[in-house]
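The structure presented is a predicted model; accordingly, all values stated were derived computationally and were not measured.
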Amino acid sequence: MLLDASQSQLVLVDYQAQLMPAIFEAEAVVQNAVRLGRMARLFGVPAWGTEHNPSKLGENDAEIRKLCQRTLSKMHFSGVEEGLGEWLRVPAKPPQGNARSLPKHLQKPAAAPEERNSIVIAGCEAHVCLLQTALDLLEDEFEVWVVTDACSARTERNRDAAFDRLAGAGAELVTTEMVGFEWLRTAEHPAFSELLALIR
């Protein structure tokens with residue numbers, strides 16, 4: 001099972017100013033989150049951010065914030081508890097024109113909205129906000145792909161325990177490069193050289 005850019009959305013969780021100095025390998029984690037955001041932009045994948053209690057922990061890294069279409073301010077550890085799931089679901093389009101006045105057999109069937117059910121997610125802290133958001137997304141029947149090299153916590157042990165639990169719950173564990181090359185699929189893709197520039 002490979003990721004498909006046309007079915008994907010990106011969620012970047014809590015890369016916040018007051019939190020990142022305490023995070024294990026923070027610099028590399030933020031660099032990979034920025035790469036993910038740039039890849040999402042390159043392939044037309046919607047990108048969303050979350051910030052936990054921003055009045056105390058500050059906003060996300062400025063570049064990450066800029067790469068997200070919207071950023072959800074939250075107090076629950078899980079972004080899903082505060083409406084992230086609604087952002088990720090495509091709203092149904094209301095019927096247009098006066099086709100409703102036609103007899104049912106003459107009406108065109110309503111086109112189903114394009115679903116993007118593969119959620120590529122990364123963030124901090126892996127064992128708290130990332131874990132709880134990802135588990136809630138799995139419960140809401142999204143496919144969840146956790147980008148391990150763009151996730152961390154204050155300790156390696158907590159980060160790794162989160163990965164074990166997420167894998168056991170059905171999330172796919174991937175890396176930034178895996179995401180990029182799966183969205184790309186072929187060296188003939190017009191964005192191939194741009195992707196290479198992003199990962200080097």
Side-chain angles (χ1 to χ4, degrees), residues 1-16 19-20 22-37 39-40 43 45-53 57 60 64 68 72 74-90 115-185 199:
M1 185 166 76
L2 297 173
L3 274 167
D4 183 332
S6 70
Q7 303 292 310
S8 298
Q9 298 185 71
L10 175 65
V11 176
L12 298 173
V13 176
D14 304 358
Y15 295 90
Q16 292 168 261
L19 177 62
M20 294 315 293
I23 296 296
F24 176 70
E25 296 181 337
E27 188 178 335
V29 164
V30 169
Q31 284 176 349
N32 283 325
V34 169
R35 280 189 187 100
L36 286 168
M39 288 176 192
F43 295 108
V45 171
W48 314 95
T50 70
E51 292 170 347
H52 185 74
N53 193 6
L57 295 176
N60 280 345
I64 290 172
C68 294
L72 176 72
K74 63 186 179 64
M75 292 300 288
H76 281 86
F77 300 123
S78 169
V80 175
E81 290 285 336
E82 301 209 21
L84 180 64
E86 284 77 41
W87 290 14
L88 300 174
R89 293 267 181 231
V90 178
E115 290 288 335
R116 288 180 172 266
N117 282 329
S118 295
I119 309 303
V120 176
I121 188 169
C124 301
E125 282 200 66
H127 65 301
V128 185
C129 294
L130 174 84
L131 175 83
Q132 292 187 31
T133 301
L135 290 175
D136 278 349
L137 289 170
L138 285 165
E139 195 170 312
D140 286 354
E141 299 184 353
F142 286 100
E143 293 173 3
V144 175
W145 304 70
V146 178
V147 190
T148 56
D149 60 352
C151 296
S152 197
R154 284 165 294 138
T155 67
E156 278 183 273
R157 182 179 292 259
N158 279 324
R159 182 199 63 189
D160 295 346
F163 294 158
D164 289 344
R165 189 161 168 207
L166 286 162
E172 294 284 338
L173 302 186
V174 293
T175 65
T176 301
E177 287 194 23
M178 289 164 79
V179 171
F181 282 106
E182 288 179 33
W183 282 346
L184 188 72
R185 292 291 174 95
I199 63 174

- prompt: Is the number of heavy atoms from other residues, nucleotides or ligands within 6.0 Å of CZ (Arg185) greater than 12?
  reply: yes
message: Can you give me the closest heavy-atom contact between Glu82 and Lys74, atom names plus distance?
response: OE1-CA, 3.4 Å
- request: Could you list the residues that satisfy side chain to side chain donor-acceptor pair (under 3.5 Å) with Thr148, not counting sequence neighbours?
  value: none
- prompt: Ala33 and Ile64: which non-hydrogen atoms are nearest, and at how many Å?
  reply: CB-CD1, 3.7 Å
task: May I ask you to decide if Gly123's main-chain N or O and Tyr15's side chain share a donor-acceptor pair within less than 3.5 Å?
output: yes
message: If I compare all heavy atoms of Met178 with all of Leu173, which pair ends up nearest, and what's the gap?
response: CE-O, 4.4 Å
query: Can you tell me how far CG of Asn32 sits from OG1 of Thr176, rounded to the nearest 0.5 angstrom?
result: 3.5 Å
- prompt: Excluding sequence neighbours, so at least two apart, what forms side chain to side chain contact (heavy atoms under 4.5 Å, CB included) with Phe24?
  reply: Ser152, Glu156, Arg159
field: Separation of Asp149 CG from Glu177 CD (nearest 0.5 Å)
entry: 8.0 Å
field: Leu184 side, atom CG; Leu3 side, atom CG - distance, nearest 0.5 Å
entry: 12.5 Å
field: Side chain to side chain, Arg89 and Glu115, heavy atoms closer than 4.5 Å
entry: yes
message: Is there a side-chain contact (heavy atoms from CB on, under 4.5 Å) between Ile119 and Leu88? Walk through the geometry before answering.
response: CA-CA 8 Å; Ile119 309 303; Leu88 300 174; 3.9 Å; yes
- prompt: Rounded to the nearest 0.5 Å, what separation is found between the CG atom of Leu72 and the OG1 atom of Thr50?
  reply: 6.5 Å
- prompt: Can you tell if the side chain of Val179 reaches within under 4.5 Å of the side chain of Val147, non-hydrogen atoms only?
  reply: yes
message: Just to verify, what does His127 make a side chain to side chain contact (heavy atoms under 4.5 Å, CB included) with, not counting sequence neighbours?
response: Glu125, Ala153, Arg154, Asn158, Ala162
Set of salt bridge (charged side-chain N to carboxylate O under 4.0 Å, His left out) partners for Arg116, sequence neighbours left out: none
Identify every side-chain donor-acceptor pair in residues 128-142 under 3.5 Å, counting partners at least two apart or on other chains, and give the distances.
{"from": "Thr133", "atom 1": "OG1", "to": "Gly79", "atom 2": "N", "distance (Å)": "3.0"}
{"from": "Thr133", "atom 1": "OG1", "to": "Cys129", "atom 2": "O", "distance (Å)": "2.8"}
{"from": "Asp136", "atom 1": "OD2", "to": "Ser78", "atom 2": "OG", "distance (Å)": "2.7"}

Separation of Ser8 OG from Trp145 CH2 (nearest 0.5 Å): 8.0 Å
- prompt: Below 4.5 Å, heavy atoms only, C-beta onward: do Gln7 and Glu143 meet side chain to side chain?
  reply: no
query: Looking only at atom types and distance, does a side-chain atom of Gln9 sit under 3.5 Å from a main-chain N or O of Pro46, one as donor and one as acceptor?
result: no
field: Student check: side-chain heavy atoms of Val174 and Val146 closer than 4.5 Å
entry: no
- prompt: How close do Cys68 and Gly49 get, heavy atom to heavy atom, and via which atoms?
  reply: SG-N, 3.6 Å
query: What's the shortest heavy-atom distance between Leu36 and Ala122, and which atoms?
result: CD1-CB, 4.1 Å
- prompt: Nearest 0.5 Å, what's the SG-CG distance between Cys124 and Leu12?
  reply: 10.0 Å
query: Donor-acceptor pair, Asn53 side chain versus Met75 backbone, under 3.5 Å?
result: no
field: Taking every non-hydrogen atom, the tightest pair across Glu51 and Asn60
entry: OE2-N, 2.8 Å
CZ (Phe43) with more than 12 external heavy atoms under 6.0 Å: yes
field: Those residues that, when tested against Gln16, pass side chain to side chain donor-acceptor pair (under 3.5 Å) (two or more places apart)
entry: none
